[in-house]
Amino acid sequence: MSTSRFLPAGADWIAGLSIAGLLLPEAVAYSGIAGAPPQAGVIALFAGLLVYGLMGGSRFAIVSSTSSSAAVLLAASGSILHVSPDHRALMGVGMVLVAGIMFVVAGLLKLGAISQFIAKPVLRGFAIGLALTIVVKQLPLAVGVHPSHSDFLHFSWDLLHLLPQWNWLGLAMLVVALLALNGLGRWKTVPGALLVIALGIALDVLGYCKSWGIPPVGSLQLGSAHLAVPDLAWADWLRVGQLAIALALILYAESYSSIRSLALRHGDAVNANRDLLALGGANIASSLFQGLPVGAGFSASSANEVAGAKSKAAGLVACAVVALLVWQLLPWMERIPEPMLAAIVIHAVGHSLTWKTMRPYFVWRRDRTVVLTAFGAVIVFGVLDGLLLAMMVSIAMLLKRMAQARVSELGRLADSHDFVDCQIHPEAQPVPGVLIVRPEERLFFGNADAMMGEISQRAGRIQGLKAVVLSLEECPDMDSTSIEALTELAIQLTSSSVQLRLARVKDSVRELLQ
């Protein structure tokens, strides 16, 4: 493999320098979302940038810790009861490791389409609910209070109940930092997050933060990171594996969506299986050094694109710049005021907190229940349970639609060879003595018996029927239930002296039936 593909061009140097100033503060901030020590996000940043930069396929994707994966990790870890905080943190690292292994196995089995398991309406509703949850849960960092509940509704009530104890100077710092981030965001190549963080550090050094009662982020113990596999009992690994499924699904759905969107915008090819392997390697590397889960977040990847990146070398440049910043500025980073980190997080997830993403589903009158369920489930049941419930609703509605598939009756259009749905085209004429039907969904165990029964009933109502032609153009494959239902239909028709003929049969189905 030629090394020239990894050598940065001038544009890649500029892009790498620009996004490094965004990625480092976000990495520290996302650690807070995950309930992990600050260094966990920095470790994940190194693992994601380095491994994906060497193995991944997208030239724009920036793989690092993301707000959604950090929130899912916190929710999954929090669902593990009756264990010590240290053991819960160890199981969280185990989830990242298992999620990475799942990616690698899926990549080797060429299961790149698994992101389609989560429908886009689910992702849209989940993203808005998650963004609102993250924003609200960042407020205590700024105002210096500690709500006793973790679920959104009780957490919000606790936050309001503690209003007299709020540190209003911390809230003012949060608001000013958000205004500065929004203002600096107009210049995409300016590291606004890094400039805001530098201002916060200066305020802490000058003693203002201490006098205002605003605490810093605390110790960044990168030296404590070490190569290790979590030491867990077999029962713990089983529980970790169950929770890692949700983490892996949301990570890949988010990453593949970002990668595919940027690739379509520039006409690049997408190799989903290669990206699975790269994401798996990045998560495994991060977990082995006690880091957060990593994925290709849309905000960081888009920032890389806007900054002018031309190849994956931009991510490697960013990795080197981050390493230099950490080496030289680590003691200073420990003095970042917590309201500044909260502002970084709120600004990062702010692009998701818009109702415009839901609007198309109401205009199209499609999947409104799914997108609202995903949003409401996250608010009411929490991040993890809300995601799983929304996925179940999406799959249930898909199965309902497929199970209630319509059987169309076809007729000939004028004197042509075109056969169309008589209900949609009243001018189409049925063929005398022949019933031509077409299932409008693929046959499977949930609808095969019902559709074959309907076809049998229609055939029984036609006097002098000689043949039934069943068009299987919508059926690329058949399961055993469908084969049995088709066999029973053939037997019923034969007993009534009616022939059954199949039309437009796919090769795989023809070979199966033969």
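Start at 1 with the first residue, then count along the sequence.
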**Request:** With sequence neighbours excluded, tell me which residues meet side-chain hydrogen bond (donor to acceptor under 3.5 Å, both in side chains) with D236.
**Result:** H87
**Asked** Can any side-chain N or O of Q290 pair as donor or acceptor with the backbone N or O of L288 at less than 3.5 Å?
**Response** yes
**Prompt:** Heavy-atom count around R260 CZ within 6.0 Å, excluding the residue itself: above 12?
**Reply:** no
**Prompt:** Roughly how far, to the nearest 0.5 Å, is the CZ atom of F152 from the NZ atom of K137?
**Reply:** 8.5 Å
**Complete:** All heavy atoms of P25 vs all of I344, minimum pair found to be CB-CD1, 3.9 Å
**Prompt:** Roughly how far apart are L329 CG and R335 CZ, rounded to 0.5 Å?
**Reply:** 13.0 Å
**Request:** Would you name the heavy atoms of H149 and D158 that are closest together and state the gap between them?
**Result:** ND1-OD2, 2.7 Å
**Prompt:** Is there side-chain contact between Y256 and D275, with heavy atoms separated by less than 4.5 Å?
**Reply:** no
**Asked** Of all heavy-atom pairs between S58 and K312, which one has the smallest distance, and what is that distance?
**Response** O-CG, 3.1 Å
**Fill in**
The reported gap from CG in L49 to CG in L23 (rounded to nearest 0.5 angstrom) is 6.0 Å
**Asked** So, S301 side chain and A61 main chain: donor-acceptor pair closer than 3.5 Å or not?
**Response** no
**Request:** Compare every heavy atom of L279 with every heavy atom of A296, then report the nearest pair and how far apart it is.
**Result:** N-CD2, 4.5 Å
**side-chain hydrogen bond (donor to acceptor under 3.5 Å, both in side chains) involving H161 - partner list, sequence neighbours excluded** = none
**Message:** For L243, run the side-chain contact (heavy atoms from CB on, under 4.5 Å) check against I80, L73, V72 and tell me which one passes.
**Reply:** I80
**Message:** I'd like to know whether S302 forms a side-chain hydrogen bond (donor to acceptor under 3.5 Å, both in side chains) with S299, so could you lay out the CA-CA distance, the side-chain angles of the two residues, the decisive distance to 0.1 Å, and finally the verdict.
**Reply:** CA-CA 5 Å; S302 296; S299 58; over 6 Å; no
**Heavy-atom closest pair, residues A20 and V322** = CB-CG2, 4.0 Å
**Fill in**
Scanning both residues in full, the closest heavy-atom pair of L203 with W212 reads CD1-CZ3, 4.3 Å
**Request:** Rounded to the nearest 0.5 Å, what's the gap from CG on L160 to CZ on F155? Could you check?
**Result:** 10.5 Å
**Request:** Measure the acute angle between the ring planes of Y361 and W364, then classify it against the limits of 30° and 60° as parallel, tilted or perpendicular.
**Result:** perpendicular
**Item:** P38 backbone acceptor or donor facing S31 side chain under 3.5 Å
**Value:** yes
**Message:** Applying side chain to side chain contact (heavy atoms under 4.5 Å, CB included) to V326 and L24, what does each step give before you reach the verdict?
**Reply:** CA-CA 9 Å; V326 170; L24 184 56; 3.9 Å; yes
**Prompt:** Between R124 (side chain) and V371 (backbone), is there a donor-acceptor pair under 3.5 Å?
**Reply:** no
**Item:** Gap between atom CD of E334 and atom CG of D204 - 0.5 Å precision
**Value:** 11.0 Å
**Message:** Please identify which of these residues, L262, V306, I259, meets the side-chain contact (heavy atoms from CB on, under 4.5 Å) condition with F60.
**Reply:** L262
**Asked** What distance separates I62 CD1 from I19 CD1, expressed to the nearest 0.5 Å?
**Response** 3.5 Å
**Asked** Is a salt bridge present between R59 and E305, judged by a nitrogen-to-oxygen distance below 4.0 Å?
**Response** no
**Prompt:** More than 12 foreign heavy atoms under 6.0 Å from NE2 of H146: is that the case here?
**Reply:** no
**Request:** Kindly say whether G213 contributes a backbone atom to a donor-acceptor pair with the side chain of N167 at under 3.5 angstrom?
**Result:** yes
